[in-house]
Protein chains: 2
Amino acid sequence: MQHFAHHSEENYLKTLYKLENKQIKKVNNIALSKALELNPATVLEMVRRMNERKLVEILADKTIILTDKGKKKALQIVRRHRLWEVFLVDKLSYKWNEVHDLAEQLEHIDSDDLVKRLEVFLGYPSVDPHGDPIPDENGKMKKIRTQPLTEAPLKKKLTIVALGNSSDEFLKYLDKIGLKIGAAVEIVEVEDFDKSLSISHKKNSIILSKEAADHLLVNMP
Amino acid sequence: MQHFAHHSEENYLKTLYKLENKQIKKVNNIALSKALELNPATVLEMVRRMNERKLVEILADKTIILTDKGKKKALQIVRRHRLWEVFLVDKLSYKWNEVHDLAEQLEHIDSDDLVKRLEVFLGYPSVDPHGDPIPDENGKMKKIRTQPLTEAPLKKKLTIVALGNSSDEFLKYLDKIGLKIGAAVEIVEVEDFDKSLSISHKKNSIILSKEAADHLLVNMP
DNA sequence: ACAATTCATTTGGGTAACCAAATTTATTGT
DNA sequence: ACAATAAATTTGGTTACCCAAATGAATTGT
């Protein structure tokens with residue numbers, strides 16, 4: 001009955017992966033500590049252990065980077081996290097913005113077979129409820145190119161693939177007007193005056209402010 | 001990012017609950033240690049902590065028993081475990097005998113809401129894949145009375161509700177002859193010579209040895 | 001009854017994660 | 001260049017679990 005192998009380590013890997021991909025700056029001990037909301041001493045200790053396990057490298061300037069091995073593991077966690085999110089939303093009727101903490105727990109369940117079966121059960125989803133792509137078993141992930149709806153071409157079929165803002169207010173607003181990730185839309189017209197957009201969605205016409213449209217990310221072929 | 005509150009404690013509670021219900025003997029430190037596969041010193045320490053938390057009582061003769069509070073918590077874990085088992089079998093196509101370890105992990109996911117939604121999603125199952133009843137939110141559980149098929153009455157509609165043996169071989173055998181938990185059967189005849197049974201199932205006739213029938217538990221009204 | 005066995009308990013350790021506070025080592029603005 | 005700032009590191013803890021081995025207490029077979 002041994003519980004959880006390196007539960008924490010997985011959090012470090014995932015956070016490191018996210019920081020490497022999202023930030024411009026190098027990831028140092030302080031940055032990682034802040035992201036993990038842990039004490040720098042704690043993080044330093046852990047990073048050293050992970051270095052010994054060949055999961056990270058510590059460069060001369062103290063930058064912390066994932067090794068290939070670390071990256072692979074990190075992508076596995078990301079994969080689990082996103083698949084569980086799909087499960088929670090598609091099967092248990094959670095909202096997009098409610099699933100993060102639960103997925104954070106579920107991602108640590110240790111079984112590749114389970115994850116594989118989950119993927120099959122969910123019908124091989126390619127993106128999670130936030131529109132982020134789901135890595136395959138080998139950690140390969142399609143880079144999805146997106147653009148804000150405000151920059152997309154008129155009269156083209158577009159799909160909302162992600163949100164630039166996941167605040168409660170925004171999600172509720174989208175709920176109200178009937179839009180969600182995966183929705184097929186088409187820009188009908190842009191109002192010169194205030195840049196508001198008139199779009200069509202399921203035969204309905206919806207008017208969006210420039211601000212709202214800016215946070216709707218659509219596919220870019 | 002604080003992980004898991006009292007992950008171990010949940011294992012102690014569940015194990016204690018099972019021992020109290022399955023065993024005739026009083027549960028002492030040694031018995032609990034053996035069941036948990038942990039050192040007696042470890043268990044003693046933990047049991048004391050749980051005593052302080054009012055989850056268990058330590059009687060004068062050193063018997064360890066769950067308090068009402070402890071029992072309630074234990075039943076919650078049992079509920080989670082069994083619901084996850086249903087999920088794994090019904091939705092992810094696992095076999096009855098493959099799900100225990102995974103459910104052991106999943107049962108620690110900390111969210112009552114998730115468990116509730118899971119229950120709804122699974123259609124309010126009343127028993128897990130092994131035929132054990134699933135407690136409701138308040139810990140109430142129907143006691144299912146069972147009897148071996150060998151002791152059940154002839155020519156009555158019976159349902160296989162549990163197995164007296166969960167070995168791989170037995171499960172494979174059942175698979176082969178088309179029987180599983182939930183199956184409706186009826187005893188047609190008992191052979192005097194070797195006590196083998198002829199039963200009907202889905203319009204087919206199946207011959208079972210006494211030994212096999214002994215391990216098939218059916219409902220007892 | 002009493003030696004043998006079993007159980008309970010104590011003692012002394014161990015590991016994985018965590019922290020605060022002090023210290024050392026850059027880095028940086030003037 | 002050099003004081004101020006920031007980052008890295010060290011030191012000395014903590015908690016939750018876990019163990020082996022020694023000791024003490026209770027039970028049991030003969």
* A/Phe87 and A/Phe121 aromatic ring geometry - parallel, tilted or perpendicular at 30°/60° bounds -> tilted
Using nucleotides 13-15 of chain D, report all nitrogen or oxygen pairs with the protein that are shorter than 3.5 Å.
none

[X] [atom1] to [N] [atom2], straight-line distance once rounded to whole Å:
X: B/Leu36; N: D/dC19; atom1: CG; atom2: P; value: 10 Å
X: A/Arg49; N: C/dT15; atom1: CZ; atom2: P; value: 11 Å
X: B/His7; N: C/dA17; atom1: NE2; atom2: C1'; value: 16 Å
X: B/His108; N: D/dC17; atom1: NE2; atom2: C1'; value: 14 Å
X: B/Leu32; N: D/dC17; atom1: CG; atom2: C1'; value: 15 Å
X: B/His6; N: D/dA16; atom1: NE2; atom2: P; value: 7 Å

* Asked: Could A/Arg49 and A/Glu45 be called an ion pair, given the rule that one side-chain N must be under 4.0 Å from one carboxylate O?
  ->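 A salt bridge links A/Arg49 with A/Glu45.
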* To do: Indicate yes or no: does B/Lys116 engage B/Asp136 in a salt bridge with an N to O separation below 4.0 Å.
  => no
* To do: Give a yes or no on whether the ring-centroid distance for A/His81 and A/His100 is below 6.0 angstrom.
  =>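 Between A/His81 and A/His100, the centre distance is under 6.0 Å.
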Does [X] have a side-chain nitrogen or oxygen under 4.0 Å from the phosphate oxygens OP1 or OP2 of [N]?
X: B/Tyr12; N: D/dC18; result: yes
X: B/Thr42; N: D/dC19; result: yes
X: B/Ser8; N: D/dC18; result: yes

Between N or O atoms, less than 3.5 Å apart, protein on one side and nucleotides 6-11 of chain C on the other: list the pairs.
residue	atom	partner	partner atom	Å
C/dA8	OP2	B/Ile30	N	3.1
C/dT9	OP1	B/Lys62	NZ	2.8
C/dT10	OP2	B/Arg48	NH1	2.9
C/dT10	OP2	B/Arg48	NH2	2.8

* Does B/Thr146 have any side-chain hydrogen bond (donor to acceptor under 3.5 Å, both in side chains) partners at least two apart in sequence or in another chain, and if so, which? ->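 Applying side-chain hydrogen bond (donor to acceptor under 3.5 Å, both in side chains) to B/Thr146 gives none.
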* Which residues share a side-chain hydrogen bond (donor to acceptor under 3.5 Å, both in side chains) with A/Asp194, sequence neighbours left out ->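 Counting only residues at least two positions away or on another chain, A/Asp194 forms a side-chain hydrogen bond (donor to acceptor under 3.5 Å, both in side chains) with A/Ser196.
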* Asked: Mind checking what makes salt bridge (charged side-chain N to carboxylate O under 4.0 Å, His left out) contact with B/Arg117, not counting sequence neighbours?
  ->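 Listed in chain order: B/Asp113.
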* Asked: For A/His6 and A/Glu10, does a side-chain donor sit closer than 3.5 Å to a side-chain acceptor?
  -> no
Side-chain donor-acceptor contacts of residues 66-74 of chain B below 3.5 Å, not counting sequence neighbours, with atom names and distances?
residue	atom	partner	partner atom	Å
B/Thr67	OG1	B/Lys54	O	2.8
B/Thr67	OG1	B/Leu55	O	3.1
B/Thr67	OG1	B/Lys69	N	3.4
B/Thr67	OG1	B/Gly70	N	3.0
B/Lys69	NZ	B/Arg53	O	3.0

